[in-house]
2 protein chains.
Amino acid sequence: MLSKKTKYALHALTYLGKHREEKTVLIHDIAEEHGISHKFLENILLELKKAGLLGSKKGKGGGYYLIKEPQDIPLSKVIRLLDGPIALLPCVSLNYYEPCAECKSEVECGINKVMIQVRDETLKILENKTLQDILEK
Amino acid sequence: MLSKKTKYALHALTYLGKHREEKTVLIHDIAEEHGISHKFLENILLELKKAGLLGSKKGKGGGYYLIKEPQDIPLSKVIRLLDGPIALLPCVSLNYYEPCAECKSEVECGINKVMIQVRDETLKILENKTLQDILEK
DNA sequence: TTTAAACCCTATAAAAAAGATAGGGTTTAT
DNA sequence: ATAAACCCTATCTTTTTTATAGGGTTTAAA
């Protein structure tokens with residue numbers, strides 16, 4: 001399951017996507033709309049900004065705005081950013097690889113082999129669905 | 001990512017699958033092979049038994065054994081059993097449904113819509129991959 | 001140029017989930 | 001009879017998640 005961070009991120013991105021005509025959107029407004037803690041949401045938006053999905057403007061009249069087109073923001077990107085690996089095991093993660101403690105040999109491990117396949121197929125799904133799909137509902 | 005419980009369960013099932021010729025397999029042997037706590041593994045095997053995947057035999061010479069054919073044990077079954085929902089959000093879970101706190105209306109929620117599609121496609125993958133695939137490596 | 005609105009940063013803490021341990025009871029093959 | 005192995009319940013530790021707090025910095029507009 002997705003963490004609340006990722007869930008909130010998706011809600012925020014959706015909100016920003018719906019308000020693209022406005023130059024900026026206030027954290028406050030997003031937080032209020034979805035009943036999220038202002039400060040917690042702030043951290044999330046900062047991460048999305050660091051990752052290049054959002055831009056922000058300081059000072060009076062400032063706020064956040066989408067920097068990418070919704071169709072260029074796949075779910076895989078958002079999930080990886082806030083929740084980490086998409087792979088089901090560390091030993092098959094592309095972005096967060098770690099060896100498995102229980103595995104004596106990855107080469108001989110059938111679980112490893114299957115999980116690589118699962119990872120690839122799952123990635124196809126999550127790279128294919130974008131913020132655009134959410135906005136289109 | 002999968003919890004250790006699920007990971008251990010997959011290792012145990014694999015071990016049992018490889019030793020199907022023997023009538024029973026000792027918890028001890030599986031635990032030792034993969035460096036898992038005996039007691040922790042015991043709990044997991046009990047869950048697999050309750051779910052109808054394993055049988056057990058008490059007394060001297062007893063142990064656990066596979067009750068189903070490997071091709072009839074999909075990853076989805078094991079994951080749901082030990083880790084819970086496969087869906088990314090509670091509001092789209094088939095087996096563990098709960099409404100989302102942040103969502104005002106599921107019907108209007110684009111995230112919900114997309115996650116239903118993700119769930120269905122993910123399920124296809126996880127129902128299609130079975131213990132047999134792991135054993136075949 | 002002041003000031004209010006909003007972003008930015010660090011540290012800490014509460015709550016929940018995961019992971020593991022302990023200890024004893026019951027069953028059964030030899 | 002007894003040792004080997006399954007079965008059950010409760011507790012505890014660690015890690016991760018989910019926040020909260022408080023203050024500093026930047027900037028647009030009056």
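Labels below follow one simple rule: chain letters A, B, ... track the order of the sequence lines, proteins then strands, and each chain is numbered from 1.
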Note to self: Without decimals, in angstroms, what is the distance between D83(B) CG and dA16(C) C1'?
What the structure shows: 16 Å
Item checked: Atom-pair distance (CG on L41(B); C1' on dT21(C)), nearest Å -> 14 Å
Checklist line | Closest-nucleotide ordering on DNA chain D, the 5'-leading residue of F40(A) and K57(A) | finding: F40(A)
Item checked: Any Y64(A) side-chain nitrogen or oxygen under 4.0 Å from OP1 or OP2 of dC8(C) -> yes
Note to self: For K50(A) and K60(A), find the nucleotide of DNA chain C closest to each by heavy atoms; which residue's nucleotide sits nearer the 5' end?
What the structure shows: K60(A)
Note to self: Taking the minimum atom-to-atom distance to the side chain of K58(A), which one of dC7(C), dA29(C), dT18(D) wins?
What the structure shows: dC7(C)
Next item on the list: Report the distance from atom CG of L2(A) to atom P of dT16(D), rounded to the nearest whole Å.
Entry: 18 Å
Note to self: If we ignore hydrogens and angles and just use 3.5 Å, is the side chain of D83(A) paired with the main-chain N or O of S3(A) as donor and acceptor?
What the structure shows: yes
Item checked: Main-chain N/O of R80(B) paired to Y96(B) side chain as donor or acceptor, under 3.5 Å -> yes
Notebook entry, point to check: Does the side chain of Y8(A) get closer than 4.0 angstrom to OP1 or OP2 of dT18(D) through an N or O atom?
Noted result: no
Margin query: dA6(C), OP1 or OP2 - any side-chain N/O from S56(A) closer than 4.0 Å?
Written below: no
Notebook entry, point to check: Any side-chain N or O of K49(A) less than 4.0 Å from the OP1 or OP2 oxygen of dC8(C)?
Noted result: yes
Notebook entry, point to check: Do E42(B) side-chain and dC7(D) base share a donor-acceptor contact under 3.5 Å?
Noted result: yes
Check: Does one side chain, of E121(A) or Q117(A), offer a donor that lies under 3.5 Å from an acceptor on the other?
Finding: no
Check: Do the side chain of K39(B) and the base of dG19(C) come within less than 3.5 angstrom through a donor-acceptor pair of N or O atoms?
Finding: no
Next item on the list: Could you tell me whether the side chain of K23(A) and the main chain of Y64(A) form a donor-acceptor pair under 3.5 Å?
Entry: no
Check: Nearest to the side chain of N43(B), which nucleotide is it out of dA20(C), dT21(C), dT18(D)?
Finding: dT21(C)
Next item on the list: Write down the distance between CD1 (I36(A)) and C1' (dT17(D)), rounded to a whole number of angstrom.
Entry: 15 Å
Next item on the list: May I have the distance from L26(B) (atom CG) to dA29(C) (atom P), rounded to whole angstrom?
Entry: 15 Å
Checklist line | Separation of dA5(D) P from E22(B) CD (nearest whole Å) | finding: 13 Å
Next item on the list: Please state whether the rings of H34(A) and H11(A) are parallel, tilted or perpendicular, taking 30° and 60° as the class boundaries.
Entry: tilted
Margin query: Rounded to whole Å, please give me the gap between NZ in K7(A) and P in dA19(D).
Written below: 10 Å
Next item on the list: Round to the nearest Å and state the distance from L45(A) atom CG to dA6(C) atom C1'.
Entry: 12 Å
Checklist line | Short side-chain N/O contact to dA6(C) OP1/OP2 from T24(A), under 4.0 Å | finding: no
Next item on the list: Establish, from distance only, whether the side-chain atoms of K57(A) and T24(A) form a donor-acceptor pair under 3.5 Å.
Entry: no
Margin query: For a quick test of reading the model: is some side-chain N or O of S37(B) closer than 4.0 Å to OP1 or OP2 of dT21(C)?
Written below: yes
Item checked: N/O (side chain, K4(A)) to phosphate O (OP1/OP2, dA19(D)) under 4.0 Å -> yes
